[in-house]
Amino acid sequence: MTAASPTPEASSPHVMNTYGRLPIALSHGQGCHVWDTHGKCYLDALGGIAVNTLGHNHAKLVPALQDQISKIIHSCNYYHVPNQEVLAKKLVELSGMCNVFFCSTGLEANEAALKLARKFGHDKGIERPEIVVFEKAFHGRSIATLSATGNPKVQAGFGPLVEGFIRVPLNDIESLKHATAGNPNVVAVFLEAIQGEGGVNPMHLDYLREVRSLCDARDWLMMVDEVQCGMGRTGKWFAHQWAGIVPDVMPLAKGLGSGVPVGAVVAGPKAAHIFQPGNHGTTFGGNPLAMRAGVETIRIMEEDGLLENAARVGAHLSQGLATALAAELACGSVREIRGQGLMIGVDLTKPCGALVQQCADNGLLISVTADTVIRLVPPLIMTQAEADDVVRILCPLIRQLLQVQ
Ligand SMILES: *Cc1c(COP(=O)(O)O)cnc(C)c1O
């Protein structure tokens with residue numbers, strides 16, 4: 001424990017300047033709280049962007065990871081990694097799907113999904129496969145996944161984009177039918193069940209069912225990016241399960257390893273045998289540390305009833321926000337509070353990026369996305385009392401922001 005921790009104020013001339021960072025460096029955490037290097041305490045309603053499923057320093061996770069680190073961290077995919085089978089079997093049970101490819105991040109899981117869709121097409125004799133994607137979507141920052149992303153800011157400066165995407169608006173089945181009419185090259189529809197970065201925008205459950213039927217009728221893959229909304233956050237294991245459907249391809253990451261980088265792409269019967277040896281691979285993916293983190297995260301979530309907790313505390317938090325902001329909702333300065341479970345967006349009528357620092361000053365970590373949307377994606381262990389604290393700190397700052405011209 002001798003490594004010097006740099007002060008948060010120090011600029012980082014050797015770190016590429018890709019983030020507008022807050023002048024805060026976190027040093028440690030416990031449960032839903034974190035402390036910075038000056039000892040200031042924050043309530044964590046961001047969870048490292050929907051990653052820290054079990055919060056910080058979890059009493060069951062930490063010893064398991066310590067045990068794993070002392071045994072083997074990485075071995076590589078030239079050998080069997082027994083916990084790959086354990087975690088894959090678990091994900092297959094929870095999703096009702098068939099098999100799993102492991103990687104390390106969300107964009108890699110989506111990249112694998114896009115490759116699956118293209119090869120699905122090629123295997124059917126479609127030389128130039130096309131994939132339906134959505135306005136405001138976010139799928140990652142590799143060249144292929146930023147091309148699938150529906151945000152010009154993410155794409156600016158990185159052209160030429162990857163071709164073969166057809167973009168449609170959310171929750172409008174007629175647009176989807178119209179955009180694909182008579183096109184024999186379509187192979188897949190790729191969507192987030194609840195868009196995260198795009199502003200916490202849920203796909204309607206009816207719409208998900210309509211997309212499922214259309215994909216069945218046309219022999220397309222339904223690919224649901226659950227990187228942010230999956231892994232119990234909405235109160236079900238996967239957000240699409242609220243619609244009672246099963247996708248053909250499901251990328252996962254973020255919350256899957258509770259902070260250890262783990263990504264996965266889960267495949268149903270239509271996609272399970274597309275990849276053959278040599279078609280895809282990764283050095284880090286599925287390594288023993290990552291797999292142990294995934295196995296233990298799910299085990300602890302089940303033991304501690306965290307799906308139920310996410311549903312219950314999420315409903316309590318949404319209700320608390322709606323009550324505290326009743327006047328603003330009535331007059332329309334707060335447009336909407338939306339989401340499911342512990343994935344909540346508060347959509348304001350004005351840009352609210354300034355709230356991130358103001359909340360931090362008041363001991364609360366949040367994020368703002370799509371300019372006007374406060375995003376709350378806390379650890380799934382959050383208590384009702386902590387949810388009440390979120391409301392108590394956040395809502396006066398929202399009111400104050402809305403009052404300033
Ligand atoms: C965060 C996110 C990604 C990208 O994940 P990375 O691990 O940052 O590559 C992809 N899709 C969705 C829905 C996400 O929220």
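Keep in mind it's a predicted model, so treat the numbers as computed, not measured. All ligand and atom numbering here is 1-based and tracks the order in the structure.
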For ligand 1, indicate whether the residue [X] contacts it via side chain, backbone, both or neither (heavy-atom separation under 4.0 Å).
X	result
H139	backbone
T145	neither
L107	both

For [X] and [Y], does a side-chain donor sit closer than 3.5 Å to a side-chain acceptor?
X	Y	answer
E192	N201	no
N110	T145	no
E127	H122	no

* Structure fact -> Closest to atom 1 (C) of ligand 1 among protein heavy atoms sits K254 NZ, 1.5 Å
* Asked: Looking only at distance, does Q228 have an N or O less than 3.5 Å from an N or O of ligand 1?
  -> yes
* Taking the six-membered ring where the residue is Trp, are the ring centres of Y42 and H33 under 6.0 Å apart? -> no
* Looking only at non-hydrogen atoms, which of T105, T369, D225, L252 approaches atom 13 (C) of ligand 1 most closely? -> D225
* To do: Answer yes or no for atom 15 (O) of ligand 1: protein heavy atom present at a distance under 4.0 Å?
  => yes
* Heavy-atom contacts with E192 under 4.0 Å: which atoms of ligand 1 show up? List them by number with element. => 13 (C)
* To do: Please identify which atoms of ligand 1 are closer than 4.0 Å to at least one heavy atom of N110.
  => 10 (C), 11 (N)
* To do: Assess whether salt bridge (Lys or Arg N to Asp or Glu O under 4.0 Å) is satisfied between K136 and E197, documenting all intermediate values.
  => CA-CA 8 Å; K136 297 189 255 181; E197 304 303 305; over 6 Å; no
* To do: Take D371 and K350 through the salt bridge (Lys or Arg N to Asp or Glu O under 4.0 Å) test and state the conclusion after the steps.
  => CA-CA 8 Å; D371 228 30; K350 65 195 276 190; over 6 Å; no
* Does Q84 use its side chain to pair, donor to acceptor, with the backbone of G286 at less than 3.5 Å? -> yes
* Work out whether the distance between some heavy atom of G106 and some atom of ligand 1 is less than 4.0 Å. => yes
